[in-house]
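Written out below as structure tokens is the structure these notes cover.
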There are 2 protein chains.
Amino acid sequence: MSKSVYDSLMRPFKHPPLSEFVLERVLYALSDPVRLEIIRRLDEMGEASCGELDGGRPKSSMSHHFRVLRDAGLVQTQNVGTTHMNSLRRDDLNNRFPGLLETILSQHD
Amino acid sequence: MSKSVYDSLMRPFKHPPLSEFVLERVLYALSDPVRLEIIRRLDEMGEASCGELDGGRPKSSMSHHFRVLRDAGLVQTQNVGTTHMNSLRRDDLNNRFPGLLETILSQHD
DNA sequence: CTCATAGTTCGAATAATATCGAATTAACGT
DNA sequence: ACGTTAATTCGATATTATTCGAACTATGAG
């Protein structure tokens with residue numbers, strides 16, 4: 001599911017394995033407006049750096065939110081040069097919680 | 001959607017209208033293990049009193065959790081005699097957030 | 001009317017989160 | 001090496017939640 005090819009690039013961050021995904025933690029991570037917005041943008045954009053997604057918010061705040069999202073298994077972050085590229089762990093999420101991500105992302109207003 | 005017939009029975013509790021449902025609030029309400037369990041039991045049982053769903057937990061704690069669930073629009077509570085009967089606001093939820101409740105309830109482990 | 005039952009509300013203690021500046025780390029360009 | 005950029009970690013503060021006993025409310029039974 002996760003690409004072992006990229007493992008070395010993702011070393012600095014803990015990306016939990018499927019077996020450690022917890023539904024409550026995923027729902028909690030998505031219950032914050034800032035984090036939900038991050039997920040929506042990543043859904044549209046495919047991938048984005050942290051800087052592209054702050055809405056003028058301090059980096060340290062954003063970093064915190066990204067960590068919550070990573071810990072929940074929603075986002076994976078890989079170092080590419082000096083920036084951190086984030087993307088959704090779509091396949092992993094759909095494998096562990098079928099339909100959940102798509103259903104939440106399909107909600108509007 | 002909500003039955004006006006029952007309005008008088010539900011007076012003591014504020015049940016938000018569809019227009020006030022907020023996705024983040026719903027996700028937050030479900031991110032607590034106790035509350036998620038309540039929702040799962042209500043899904044199985046159809047309806048239940050508060051007392052039937054406490055797992056030996058204090059009444060005041062349960063009352064708090066039910067309030068969070070009501071405020072999010074997940075649960076409706078009506079006074080019937082001396083007990084409070086709770087049930088899922090299935091139709092309202094499916095109307096406002098199509099598929100969300102079912103998708104979350106279909107997750108296991 | 002009195003008592004018991006079912007839940008709520010209040011209040012206080014504890015715990016968990018959020019926010020953000022400052023210091024830190026890492027990788028790149030020159 | 002040095003400076004720059006990108007983002008994390010640290011630490012402090014503030015906000016918000018959780019928990020639960022005690023007091024309160026409402027309903028029904030006797």
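Convention: sequence-line order gives letters A, B, ...; per-chain numbering from 1.
Rounded to whole Å, atom P of dG7(C) lies 13 Å from atom CD of Gln78(B). Look at CD on Glu47(B): it is 16 Å from P on dA6(C), rounded to the nearest Å. Rounded to an integer number of Å, the gap from Asp54(A) CG to dA6(D) P is 10 Å. Taking atom CE of Met62(B) as the reference point, atom P of dA17(D) lies 19 Å away to the nearest angstrom. Residue Asn79(A) contributes atom CG, which lies 13 Å from atom C1' of dT5(D) at whole-angstrom precision. Here dA17(D) presents its P atom at 14 Å from CD of Glu24(B), a figure rounded to the nearest Å. His84(A) has its NE2 atom 7 Å from the C1' atom of dA26(C), to the nearest Å. Computed from coordinates, the His65(A) NE2 to dA18(C) P distance equals 6 Å when rounded to whole Å.
Contact of Thr82(B) with dG28(D) (side chain to base): no donor-acceptor pair of N or O atoms is detected under 3.5 Å. No N or O donor and acceptor, one from the side chain of Ser63(B) and one from the base of dG7(C), sit under 3.5 Å apart.
When distances are taken from the side chain of Ser60(B) to each of dT19(C), dA6(D), dA22(D), the shortest belongs to dA22(D). Set against dA18(C), dA7(D), dG7(C), the side chain of Thr83(B) has dG7(C) as its closest nucleotide. Each of dG21(C), dT19(D), dA17(D) was ranked by its minimum atom distance to the side chain of Ser61(B); first place goes to dT19(D). Nearest nucleotide to the Ser49(B) side chain, out of dT8(D), dT17(C), dG7(C): dG7(C). Set against dC20(D), dT8(C), dC20(C), the side chain of Arg70(B) has dT8(C) as its closest nucleotide. Picking from dT9(C), dG7(C), dT8(D) the nucleotide with the shortest atom distance to the side chain of Cys50(B) gives dG7(C). For Pro58(A), whose side chain is taken as the heavy atoms from C-beta onward, the closest listed nucleotide among dG21(D), dG21(C), dA18(C) is dG21(C).
The side-chain heavy atoms of Thr77(A) and Val75(A), taken from C-beta on, include a pair separated by under 4.5 Å. Side-chain contact between Asn86(A) and Cys50(A): present, with at least one pair of heavy atoms (C-beta onward) separated by less than 4.5 Å.
Projected onto DNA chain C by closest heavy-atom contact, Phe66(B) and Asp32(A) fall at different nucleotides, the more 5' of which corresponds to Phe66(B).
With values rounded to the nearest 0.5 angstrom, Ser31(A) atom OG is found 11.0 Å from Asp32(B) atom CG. Within the model, atoms CZ of Arg90(A) and CG of Asn95(A) stand 15.0 Å from one another, a figure rounded to the nearest 0.5 Å.
Taking only side-chain nitrogens and oxygens, Arg35(A) comes nearer than 4.0 Å to OP1 or OP2 of dA18(C). The phosphate of dT18(D) (OP1 or OP2) has a side-chain N or O of Tyr28(B) nearer than 4.0 angstrom.
Among the protein residues, His64(A) comes within range of the nucleic acid bases, having at least one heavy atom under 4.0 Å from a base atom.
Not less than 6.0 angstrom separates the ring centroid of His84(A) from the ring centroid of Phe66(A).
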Run the salt bridge (charged side-chain N to carboxylate O under 4.0 Å, His left out) test on Arg67(A) and Asp71(A) for me, step by step, so that the C-alpha distance in whole Å, both residues' side-chain angles and the decisive distance to 0.1 Å come before the verdict. CA-CA 6 Å; Arg67(A) 192 153 79 84; Asp71(A) 289 351; 3.7 Å; yes
